[in-house]
Student: 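Here you go, one structure.
Below, all heavy atoms of this structure are taken into account, side chains as well, without hydrogens, waters or symmetry copies. Since the model is a prediction, treat every value here as computed from it, not as a measurement. Here is how names work: the chains are called A, B, and so on, in the same order as the sequence lines, proteins then strands, and each is numbered from 1.
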There are 2 protein chains.
Amino acid sequence: MPSVTGCRGLYGEAVADTRQRLIDGTIETIRTHGLNGTTARSIAATAGVNQALVFYHFGTVHDLLQAACLAATQARVAPFVERLDEVTDLRQLLALGRSLQADERAQGNVTVLAQMLAGAQADPKLAEATATALQLWIAPIESALTRLLADSPVAEVIDTPGLARAVSAGFVGLELYEGVDPEGTEAALDALDRLAVLIEVVDDLGPIALRALRGKLRRTTKKSR
Amino acid sequence: MPSVTGCRGLYGEAVADTRQRLIDGTIETIRTHGLNGTTARSIAATAGVNQALVFYHFGTVHDLLQAACLAATQARVAPFVERLDEVTDLRQLLALGRSLQADERAQGNVTVLAQMLAGAQADPKLAEATATALQLWIAPIESALTRLLADSPVAEVIDTPGLARAVSAGFVGLELYEGVDPEGTEAALDALDRLAVLIEVVDDLGPIALRALRGKLRRTTKKSR
DNA sequence: GTCTATAACGAGATAGAC
DNA sequence: GTCTATCTCGTTATAGAC
């Protein structure tokens, strides 16, 4: 197989190819074995390369983890952003979220992110890489929310950046929860579906009810803070 | 210190005390070192006992993890249930949730649950124990939600068991997210706060608006499923 | 760049004295 | 029940041949 860069070693293999195989192998290994079972040996086995190459190309297993996390996230976010731009209301946004989650689940990418997030708790270096990766998801979601809620009375009291983070973090939690209770996760997603409908319904209320709601929202919010 | 059971070994130490120290030490070790850093040696060091006692009392590190996870959760859920019974509306429920999360965060218990959840993804045995522990949280939350939403039009379209799971899973996700972005988590919780206000406001609408809302909720929900 | 071989270390787990 | 000592294995990482 020809390499993109054309670089080849004494053994005739392409360099860029090996690096990419290691990155892909890392993601796949986290997905199937968890972060705990992701060692230089298991990664190399999955990637079909020699174990020592992990250290030649990335120095440490740790650095490979970071590189793989970022690369995988970037690759997945790009197509998502395109679909996100076509969303015109909250229900479509949630539908996209579910469709996305189904895709990600099948590919195991949210699992990877969840594993990184868990591992990051006791590892500042990993935390940095994970926060960056998660931000890649959050930013476009925040943009979409801001756009969708621009004309809504709800926008006055909802903090869009905060909501975007809550949604993203919530999805990660759901993904983890799915690992121990798949049926429960389906029920949870259904419940969220209906909550989104609720917000949308509020948006579509007649002018009278809407004005009353607006006043109440403001008063109640002030009181509770 | 006198033991509950009174059992003592040749070295004069109480048995129940050592078991409890190991369980407490396990939780503390997960909290500070993550699941990855929780080894028989690190647990024993934290608990202040000999490393071999892990295997004498629990057979394997794995079994100790399960036991500690369940014990810690049960101990924490009990007082929570009492406070939950006193909640009379959704905002109080969320306020309790935030207060609880602050406590849990300070004690590191949700972190423990999150670590278990992450580890459970690649470990069926651990998954079972974690699902049981999480269910200890979900059950009382579900009861409270059912009680609070009993007289609400929202109850007709919201799936309470699903919502309870979504809330629980979401909190775990937020806890993990907090490890990599504390400020973002605060913003996310604020956003959820306001969402809860929204539901409550809908509940307090006048009879006319409420009837219109009810019809719309039914129609929209049917359409979207 | 890739391979084999191996060093250095920490992990789970056990044996046997006390 | 508790302790010390130790076995065995898997891990990261490196040295050096090709």
Student: Given D:dG1, D:dT11, C:dG1, which nucleotide is nearest the side-chain atoms of A:Y56?
Tutor: C:dG1
Student: Once you round it to whole Å, what is the distance between P of D:dG1 and CG of B:L22?
Tutor: 12 Å
Student: Give the nucleotide from the list C:dA5, C:dA13, D:dT2 with an atom nearest to the side chain of A:Q51.
Tutor: C:dA5
Student: Is there a donor-acceptor pair closer than 3.5 Å between any side-chain N or O of B:Q121 and the backbone N or O of A:L176?
Tutor: yes
Student: Counting side-chain heavy atoms from C-beta on, which of D:dT2, C:dG12, D:dT11 comes nearest to B:A40?
Tutor: C:dG12
Student: Nearest whole angstrom, please: distance from the P of D:dT11 to the CG of A:L35.
Tutor: 14 Å
Student: How would you label the contact of A:A52 with the nucleic acid (heavy atoms, under 4.0 Å): base, sugar-phosphate, or nothing?
Tutor: base
Student: Run the numbers on B:F171 and B:W137 for ring pair (Phe, Tyr, Trp, His ring centres under 6.0 Å), then give the verdict.
Tutor: CA-CA 11 Å; B:F171 264 58; B:W137 284 108; 9.6 Å; no
Student: Please report the distance, rounded to the nearest Å, between NE2 in A:H33 and P in D:dG10.
Tutor: 14 Å
Student: Could you tell me which non-hydrogen atom of A:G37 sits nearest to which non-hydrogen atom of A:S42, and how far apart they are?
Tutor: O-OG, 2.9 Å
Student: Find the distance B:N50:CG to C:dA15:C1' and express it as a whole number of Å.
Tutor: 14 Å
Student: Check this for me: does the side-chain of B:R41 come within 3.5 Å of the base of C:dG10 through a donor and an acceptor?
Tutor: no
Student: Just how far, in rounded Å, is P of D:dT11 from CG of A:L64?
Tutor: 15 Å
Student: Please tell me if B:T18 has a side-chain N or O lying less than 4.0 Å from either OP1 or OP2 of D:dG1.
Tutor: no
Student: Which residue, A:L53 or B:V61, contacts DNA chain C at a nucleotide closer to its 5' end, judged by nearest heavy atom?
Tutor: A:L53
Student: Just how far, in rounded Å, is P of C:dG1 from CD of A:Q20?
Tutor: 15 Å
Student: Return yes if a side-chain donor-acceptor contact under 3.5 Å exists between A:T29 and A:T38, otherwise no.
Tutor: no
Student: Can you check whether A:V54 reaches A:V61 side chain to side chain, under 4.5 Å on heavy atoms?
Tutor: yes
Student: Whole Å only: how far is the CG atom of B:L65 from the P atom of C:dG12?
Tutor: 9 Å
Student: Would you tell me if any nitrogen or oxygen in the side chain of B:H57 comes within less than 4.0 Å of OP1 or OP2 on D:dT2?
Tutor: yes
Student: Rounded to the nearest Å, what distance is computed from the CZ atom of residue A:F55 to the P atom of nucleotide C:dG1?
Tutor: 17 Å
